[in-house]
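Please read the structure below before turning to the comments.
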Amino acid sequence: MTDSPGRTSPGSSPSDETDKATGPAGEADKAAQEGLPAQWAQEQPPPGDWSASSQGPPRQRRGTRERARAQTDPGPGHEGSRGRVPGQPGPHTGWQQAGRPQWGRPQAPQPGVIPLRPLQAGEIVEGAVRTMRIHWRAVLGISLTVAVGTQAVATVVDRLWDRGTPELDPLGGATPETPQELVEAIGNGMGGIGVAWLLSLVGSITAAALLTVIVSRAVLGRPVTAREAWRSARPQLGRMVGLMVLVPMLLIGVFAVGIVWGLLAAAAGAEQAGMSLTALGGLVAMVVATWLWIRYSLAAPALMLEKQGVAAAMRRSAKLVRGAWWRVFGIQLISILITALVGLMAQAVVLVFDVFVHGTGGGSVADATDWASLIEIGIAAVVSSALTLPVTAGMTTLLYMDQRIRRESLDVELVRSAGGDK
């Protein structure tokens, strides 16, 4: 006979053979005859394998306990079913039970456009879009003003440059066949590229500085106007210009070092080797430039929000990106894809409008140089920039905050700042 609960009274030893033989019913009758309280309940667990944990396979013991529990438990609707609420699981399932508090991960506070905790990539995109939607007056006012101003000047320069200097296209639209022709084409096109880059730089600096301030306020749920953003960003604009010039020049220098050896070899007469060396150097330079771009991609919000200098902001960005390069690269790549998608959609609208107005017999809008076509292209660029500048600036700022939350527990400070406003 096996020892099991219900067959040995509490406090007895295994050697009490008389107690084992009597069982629960005998103990109850004996206690009733002597006038003592019974130590055994009238309803006992069903017979089964109640052996110790060291006997029998674990899976068999677990199945036996489940069958015994199913027989003794009337179900969730019964009033004696261990206090369960109908429709809810039993113990140890993680669900809230009747009369018990629910345990789990606490909800992160969200005073503004993002929850104050480490963010996912989708939450960063959503936070940037939500900032543009909630603070649309300030955001679209800044981005639209910057886009219209820069694109108007770019359209005028593009029209006058093409009409006044036709000799700057010595190839006549043909593909360069020799390194000399490639070098000449690059040199001749540097003027227009430089003007376009300078205008884009001015717009990017202004938009990034002002929108960074707006996004930082939106995280705390604080309203902000374009005038307040300008007042807060104006002291840092000079340093912002230095940063926006230094980083692109650094990337251009990397490309120059990568391709100069091939160009020198081609100029010395080894054209085939020079072209191969130029392609290889350009590929290596692209990898290095991409690594540097991600390394210093958070320097702008660090400069604006921490009031640091150019070099200090670049070191700050490198510190925040260290160990998370691929994550930052993926989120920045999403930002580029969003920009490209919005630009293609705006250009498609302009192409449809051009076909509707001028018919299908005209040339491509991208190749046209008359005022009407350039204005249409400019409108598409303005719409694209007005929509993408807030998203890209917002994603960069939120990514900067997310890295600080992950590394420095910035969320605690943000919660304290948001609570101080109430």
Side-chain angles (χ1 to χ4, degrees), residues 106-147 203-240 243 297-309 312-313 316-317 320 331 335 338 385-422:
Q107 186 75 18
Q110 184 173 343
V113 295
I114 59 169
L116 300 182
R117 56 168 173 75
L119 302 174
Q120 302 295 328
E123 292 174 326
I124 292 178
V125 178
E126 183 182 358
V129 175
R130 188 177 298 168
T131 301
M132 185 171 60
R133 178 169 52 85
I134 295 176
H135 305 279
W136 63 271
R137 287 186 177 88
V139 170
L140 291 182
I142 293 171
S143 61
L144 193 61
T145 301
V146 170
S204 299
I205 292 172
T206 307
L210 300 180
L211 294 174
T212 298
V213 175
I214 293 178
V215 174
S216 65
R217 303 287 180 85
V219 169
L220 298 176
R222 300 176 181 174
V224 60
T225 62
R227 180 175 299 179
E228 293 172 346
W230 169 257
R231 189 182 304 115
S232 177
R234 184 174 55 187
Q236 294 295 107
L237 285 180
R239 296 176 180 178
M240 194 73 168
L243 177 65
S297 61
L298 304 182
L303 184 145
M304 291 301 304
L305 300 180
E306 299 182 24
K307 311 297 183 183
Q308 297 194 14
R316 185 77 167 125
S317 176
L320 293 175
I331 296 176
S335 174
I338 292 176
S385 299
L387 295 178
T388 56
L389 279 176
V391 175
T392 54
M395 289 182 62
T396 302
T397 304
L398 294 179
L399 181 58
Y400 158 81
M401 291 186 172
D402 176 62
Q403 288 301 114
R404 288 197 60 186
I405 288 174
R406 293 173 181 269
R407 292 179 176 270
E408 304 169 357
S409 298
L410 179 66
D411 51 337
V412 177
E413 183 179 348
L414 293 176
V415 170
R416 188 181 300 113
S417 299
D421 297 338
K422 297 178 181 179

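Just the heavy atoms: all of them, side chains too, but no hydrogens, waters or symmetry mates, feed the values below. Predicted model only: the values in this text are computed from it and were never measured. Residue numbers start at 1 and run along the sequence shown.
Legend: residues meeting salt bridge (Lys or Arg N to Asp or Glu O under 4.0 Å) with Arg137, ordered by chain and number and at least two apart, are absent. Residues satisfying the salt bridge (Lys or Arg N to Asp or Glu O under 4.0 Å) test with Arg404, not counting sequence neighbours, are Glu306, Glu408. For Ala393, the side chain to side chain contact (heavy atoms under 4.5 Å, CB included) test picks out Leu211, with sequence neighbours left out. The salt bridge (Lys or Arg N to Asp or Glu O under 4.0 Å) check on Arg217 picks up nothing, with sequence neighbours excluded. Every side chain to side chain contact (heavy atoms under 4.5 Å, CB included) that Ser143 has, sequence neighbours left out, goes to Leu140, Ala386, Leu389, Pro390. With sequence neighbours left out, Glu126 forms a salt bridge (Lys or Arg N to Asp or Glu O under 4.0 Å) with Arg130.
The two residues Ile214 and Ala138 make their nearest non-hydrogen contact at CD1-CB, 3.8 Å.
Side-chain contact between Glu123 and Arg117 is present, with heavy atoms from C-beta onward closer than 4.5 Å. Val139 is not listed as a side-chain neighbour of Ile134, based on a closest heavy-atom distance of 4.5 Å or more. Between Leu303 and Met240 the shortest side-chain heavy-atom distance falls below 4.5 Å. Residues Leu305 and Tyr400 have side chains in contact (heavy-atom distance under 4.5 Å, counting atoms from C-beta outward).
With hydrogens and angles disregarded, a donor-acceptor distance shorter than 3.5 Å links the side chain of Asp402 to the backbone of Leu119. The backbone N or O of Ala226 lies less than 3.5 Å from no partner atom in the side chain of Arg231, so there is not a single donor-acceptor pair. Under the 3.5 Å distance criterion, the side-chain polar atoms of Gln236 are left unmatched by any main-chain donor or acceptor of Met304.
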